[in-house]
There are 2 protein chains.
Amino acid sequence: MNIGAAARRSGLPPKTIRYYEEIGLLTASRAANGYRDYSEADVQRLGFVQRARRLGFSVEECRQLLSLYSDRDRASADVKAIALEKLAEIDRRIEELAGLRRMLGQLVESCHGDDRPDCPIIDGLAGDGRAGGGLAGGGRAAGAADPAASAGARSGTSVPAVR
Amino acid sequence: MNIGAAARRSGLPPKTIRYYEEIGLLTASRAANGYRDYSEADVQRLGFVQRARRLGFSVEECRQLLSLYSDRDRASADVKAIALEKLAEIDRRIEELAGLRRMLGQLVESCHGDDRPDCPIIDGLAGDGRAGGGLAGGGRAAGAADPAASAGARSGTSVPAVR
DNA sequence: GTGCGCCTTCCAGTCGCGGGAAGGTCAAGC
DNA sequence: GCTTGACCTTCCCGCGACTGGAAGGCGCAC
């Protein structure tokens, strides 16, 4: 099976499949003409990665999950641990966004939104000190309770677009 | 004021301030020795951008907000429109994450997490068809009701880390 | 004069791809 | 046999919003 067919069957664009091969996430055998050649099992793995990505797992996490996938002696606890951590990450991200939403919502609510220049949103951003929320300076954003020993990451948890 | 002092007062790292200058978001005058020199008004603008970024506005949106900030004839409606759109974006993102959370939560719940290899999480990712949620193939993720004519973007809404 | 901390520029890397160029391959149609 | 078009290959560049580091200049205290 050529890459195009594998792409249609797995839901991943050919470019992405090549990228995954380049970074060593997946492999593909080659036909005599140099074309990549995918087996049914390959397509299975491609679909596996596609679904894992759509659930919010990073490519590196997909690597771990793939290795567990093909490990017949895995402990489901190992899989669950990864999933639980991702779940916690998603929760943190939701909390963070909820905090943003709260602050921005307050500003928006207090703004008349007419043709006059007076604007509490601008004032809040300008840091006049009257900002209620966490807009001050050194503070932590919002919602997130703990310093969050977040895994080296800036806030992201990005997921591929569905098309 | 040198860049270091401006950085401490605005909450932005010097690297970021230079970057903002490079992309034309802000400007800085230069002292005789070639050092960047920041006025009080400059520091105000830096803080403005810092707070806007922390609220989830992209750098391009910060550009618009800055221009409204320094426009004495602005209509607060213009500011509010930007903020409302951002609010909607945040809401979409939260919905999307909530959908992920739901699906992943279901998988996690159904996994015993012991030392045996049987694992509904792996099975779900492997696409055995028994996946309840939106893991199938061509479908839309979860939560998001509408095709979402989302502004050219893949899911992101990233916010700078607070430190 | 020498050490330290600050400043400057430039280059490279991050993450997960997408776009597009330049060229090879294959099957269908004439 | 020849062309056409769809497919495939590799390669490099770009995104957003920075961060890290190298190499070198400046300012001030000791």
Side-chain angles (χ1 to χ4, degrees), chain A residues 1-26 28-38 46 49-63 89 93 150-163, chain B residues 1-26 28-38 46 49-50 52-64 66 86 89 93 150-163:
Chain A
M1 190 182 339
N2 281 350
I3 197 172
R8 280 185 293 275
R9 295 207 20 211
S10 66
L12 288 172
K15 277 275 192 185
T16 300
I17 299 179
R18 291 195 196 98
Y19 171 68
Y20 287 164
E21 184 180 343
E22 188 190 325
I23 62 171
L25 181 63
L26 298 161
S29 51
R30 297 291 179 134
N33 56 10
Y35 287 16
R36 285 172 183 82
D37 188 30
Y38 295 91
L46 287 169
V49 172
Q50 189 255 1
R51 284 178 285 272
R53 288 288 294 125
R54 277 185 46 198
L55 269 180
F57 291 101
S58 74
V59 167
E60 281 317 303
E61 286 157 347
C62 287
R63 207 186 290 273
E89 194 182 321
R93 185 79 180 112
S150 73
R154 60 195 323 87
S155 86
T157 313
S158 109
V159 142
V162 178
R163 353 189 255 174
Chain B
M1 189 180 343
N2 282 349
I3 198 172
R8 281 185 293 276
R9 295 206 20 211
S10 67
L12 289 172
K15 277 275 193 187
T16 300
I17 298 179
R18 290 194 197 99
Y19 170 68
Y20 287 165
E21 184 180 343
E22 189 189 324
I23 63 171
L25 181 63
L26 299 162
S29 51
R30 297 290 179 135
N33 55 12
Y35 287 15
R36 286 171 182 82
D37 189 29
Y38 296 90
L46 287 169
V49 172
Q50 189 255 359
R53 289 288 296 125
R54 277 183 47 199
L55 269 180
F57 291 101
S58 74
V59 167
E60 281 316 304
E61 287 157 346
C62 287
R63 207 185 290 274
Q64 297 178 53
L66 267 179
K86 178 57 58 180
E89 193 182 320
R93 185 78 180 114
S150 72
R154 59 195 324 89
S155 84
T157 313
S158 109
V159 142
V162 179
R163 354 188 256 178

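Per chain, numbering begins at 1; letters A, B, ... match sequence-line order.
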Quick one: does A:Lys15 reach the base of C:dG16 with a side-chain donor-acceptor pair under 3.5 Å? no
Would you mind reading off the distance between A:Asp37 atom CG and D:dC8 atom P, rounded to a whole angstrom? 12 Å
Take A:Ala32 and A:Leu12, find for each the nucleotide of DNA chain C with the closest heavy atom, and name the residue whose nucleotide sits nearer the 5' end. A:Leu12
Quick check on C:dC7: is either OP1 or OP2 less than 4.0 Å from any side-chain nitrogen or oxygen of B:Arg30? no
For C:dG18, does either OP1 or OP2 sit under 4.0 Å from a side-chain N or O belonging to A:Thr16? yes
Over how many whole Å does the gap from A:Tyr19 atom OH to D:dG14 atom C1' extend? 14 Å
Is there a donor N/O on one and an acceptor N/O on the other, under 3.5 Å, for the side chain of A:Tyr35 and the base of C:dG24? yes
Please classify the nucleic acid contact of A:Ile23 as base, sugar-phosphate, or nothing, using heavy-atom distances under 4.0 Å. nothing
So, is B:Arg18 near the phosphate of D:dC18, with a side-chain N or O under 4.0 Å from OP1 or OP2? no
Separation of atom CG in A:Leu26 from atom C1' in C:dC17, rounded to whole Å: 14 Å
Minimum heavy-atom separation for B:Arg18 and B:Ile3, please, with both atom names. CG-CD1, 3.6 Å
For residues A:Arg53 and A:Pro160, report the shortest heavy-atom separation together with the two atoms involved. O-CD, 3.4 Å
Among D:dC8, D:dT10, D:dC18, the nucleotide that comes nearest once only the side chain of A:Asn2 is considered: D:dC8
Report the distance from atom CD of A:Gln50 to atom P of C:dG16, rounded to the nearest whole Å. 15 Å
Whole-Å gap separating P (C:dG16) and CG (A:Leu55): 15 Å
Looking at A:Asp37 and A:Met1, would you say the former's side chain and the latter's main chain have a donor-acceptor pair under 3.5 Å? yes
Roughly how many Å is it from CD in A:Glu22 to P in C:dC15, rounded to a whole number? 14 Å
Between B:Tyr20 and D:dC18, is there a side-chain N or O to OP1/OP2 distance below 4.0 Å? yes
Please give, in whole Å, the distance from D:dT19 P to B:Arg53 CZ? 10 Å
Comparing nearest nucleotides in DNA chain D, the 5'-proximal residue of the pair B:Asn33, B:Ser58 is B:Ser58
Side-chain (B:Arg9) to main-chain (B:Leu46) donor-acceptor, under 3.5 angstrom: no
From CG of B:Leu46 over to C1' of D:dC18, roughly how many Å is that when rounded to an integer? 15 Å
Rounded to the nearest 0.5 angstrom, the CD-CD1 distance for B:Glu60 and B:Ile23 is 6.5 Å
Pick base, sugar-phosphate or nothing for A:Arg36, based on heavy-atom distances below 4.0 Å to the nucleic acid. sugar-phosphate
